[in-house]
Amino acid sequence: MDVSAVPEKLIANRLTLLHADFVVPVVPANTVHVAHSVLIENGVVRALMPSPEAKRTYPQAESVDLTGHVLLPGLVNMHTHSPMTLLRGYADDMELHRWLQEHIWPAESRFVGPEFVRDGSLLAIAEMLRGGTTCFNDMYFFFDETLKLCLQTGIRASVGIPLIEIETPWAADIERYFAKGLAIHERWRDDPLISFTLSPHAPYTVSDDTLRRIAALSDELAIPVHLHLLETDWEIRHSLQQHGLHPLARLQRFGLLNEKLQAVHMAHLSAADIDQLATHRVHVIHCPQSNLKLASGMCPVDSLLRAGVNVALGTDGAASNNDLDLLAEAQTAALLAKGISGNARAVDAFQALEMLTINGARALGQSDRIGSIEPGKQADLCALNLVSPETQPLHHVVSQVIYAASRGQISDVWVSGKRL
């Protein structure tokens with residue numbers, strides 16, 4: 001190549017071209033590009049164009065051949081407890097409150113510490129990257145250890161500042177929870193790979209004073225609130241008995257029903273509840289396999305989407321799932337929505353893919369940076385090999401991704417253009 005013919009700016013900048021048989025950018029909706037390439041410059045998507053044109057225009061770029069692959073936005077796991085991979089299979093086949101109170105909480109009290117969190121988080125990160133996840137929304141203790149591993153491995157993460165009015169190995173009382181969590185937030189708040197949420201465990205494990213304080217901090221720091229909500233019908237009965245209010249009404253009292261709320265599970269919703277969520281632009285995080293395994297209930301995803309509520313997907317922790325497989329979660333979500341609604345068109349394949357990508361980015365408040373393959377966004381991507389008996393013949397690419405492909409077909413992931 002004659003370097004003198006290449007503009008000086010392009011020599012200085014690192015250019016990479018990913019050439020794929022198919023590119024599904026997710027935005028615009030229902031779009032599949034055939035034989036296209038993605039141009040990455042210094043970790044940012046700069047262009048999406050037909051592969052012959054890309055090769056002619058940017059001969060100096062490093063080329064990655066993804067023949068037989070579909071290139072997708074990196075998957076966003078909107079709810080997990082990454083260190084709990086070490087409790088995978090520890091307590092199975094029981095309902096939520098017995099699972100928590102008789103098994104998980106006692107085990108955590110005995111074993112959880114920095115080393116536990118480091119080991120469990122590293123195992124989780126490896127599993128998620130192998131399955132196409134490039135960003136995860138975590139909720140656990142000693143989250144500074146998880147955060148450091150994200151920086152070491154290069155995966156993107158939103159980490160929760162845990163808040164619960166129960167003594168744990170992380171903190172003895174709620175004041176220590178706030179103080180320790182906010183100090184870590186202050187130290188790492190400007191890192192490009194890391195964002196934060198305020199993460200009360202659930203309404204039934206925090207007081208009114210704590211909810212009031214969370215609402216004020218969410219506004220002051222401009223960060224989301226992430227909590228388990230309406231996971232079981234017991235939660236509703238308990239709230240009515242203890243506070244004389246439905247959990248949603250209690251959150252609304254403190255101004256927490258808003259566009260910064262990431263409400264996880266939401267398995268017990270009335271039509272009026274759904275309207276309220278839509279009105280206040282609350283994000284719902286659906287964890288179908290965990291809800292099914294714990295027999296907690298079923299989130300009415302089709303009704304939520306029809307009402308205009310943003311719904312994203314999470315795996316929950318490996319202690320209650322028992323894996324961190326987002327592709328399997330999307331297939332379960334699509335099939336479950338059809339079965340619950342009696343409508344075969346409910347949550348079609350492309351909607352399921354949106355729930356894995358752009359909808360998660362929206363819930364994080366990062367849809368301007370991740371969640372789709374668009375110029376100007378971070379190059380968070382994953383490649384799935386379609387040349388496999390399980391995904392042949394190929395009539396509809398997105399249908400094969402959601403209904404036939406497995407995470408074992410993910411061949412590569414990139415975060416900010418770095419191949420991980």
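Excluded from the calculations below are hydrogen atoms, water molecules and symmetry mates; all remaining heavy atoms, backbone and side chain alike, are included.
Classification of the Y177-F141 ring pair by plane angle, with boundaries at 30° and 60°, yields tilted.
Put simply, the side chain of T16 does not reach to within 4.5 Å of the side chain of W414, judged on heavy atoms. Counting only heavy atoms from C-beta outward, the side chains of T133 and I125 never approach each other to under 4.5 Å.
The nearest pair of heavy atoms linking N359 to V311 is ND2-O, 2.9 Å. Scanning both residues, E127 and T85, for their nearest heavy atoms gives OE1-CG2, 4.4 Å.
Taking 4.0 Å as the cut-off between side-chain N and carboxylate O, K293 and E95 do not count as a salt-bridged pair. Classification of R88 and D323 as a salt-bridged pair fails, no side-chain N sitting under 4.0 Å from a carboxylate O. The pair R176-D173 does not meet the salt-bridge criterion, since no charged nitrogen lies less than 4.0 angstrom from a carboxylate oxygen. Using a 4.0 Å cut-off between charged side-chain N and carboxylate O, R156 and D380 make a salt bridge. Using a 4.0 Å cut-off between charged side-chain N and carboxylate O, D208 and R250 make a salt bridge.
Heavy atoms from other residues, nucleotides or ligands lying under 6.0 Å from NE2 of H396 number 12 at most. Atom CD of E115 sits in a sparse spot, with 12 or fewer heavy atoms from other residues, nucleotides or ligands closer than 6.0 Å. Around atom CZ of R130, no more than 12 heavy atoms belonging to other residues, nucleotides or ligands sit under 6.0 Å away.
Ring centroids of H79 and H286 are separated by 6.0 Å or more, keeping the two rings apart. Ring-centre distance between H228 and H81: below the 6.0 Å cut-off. In this structure, W234 has its ring center under 6.0 Å from that of Y204.
Stacking of R213 on the aromatic ring of F178 is recorded, both the 6.0 Å distance cut-off and the 45° axial limit being met.
The structure places CD1 of I161 at 8.0 Å from CG of L217, a figure rounded to the nearest 0.5 Å.
Side-chain N or O atoms of S239 include none that pairs as donor or acceptor with a backbone N or O of E235 at under 3.5 Å. Proximity of a side-chain donor or acceptor of T31 to a complementary backbone N or O of P28 within less than 3.5 Å is detected.
Defined by atom type and a distance below 3.5 Å, a donor-acceptor pair is missing between the side-chain atoms of T391 and Q400.
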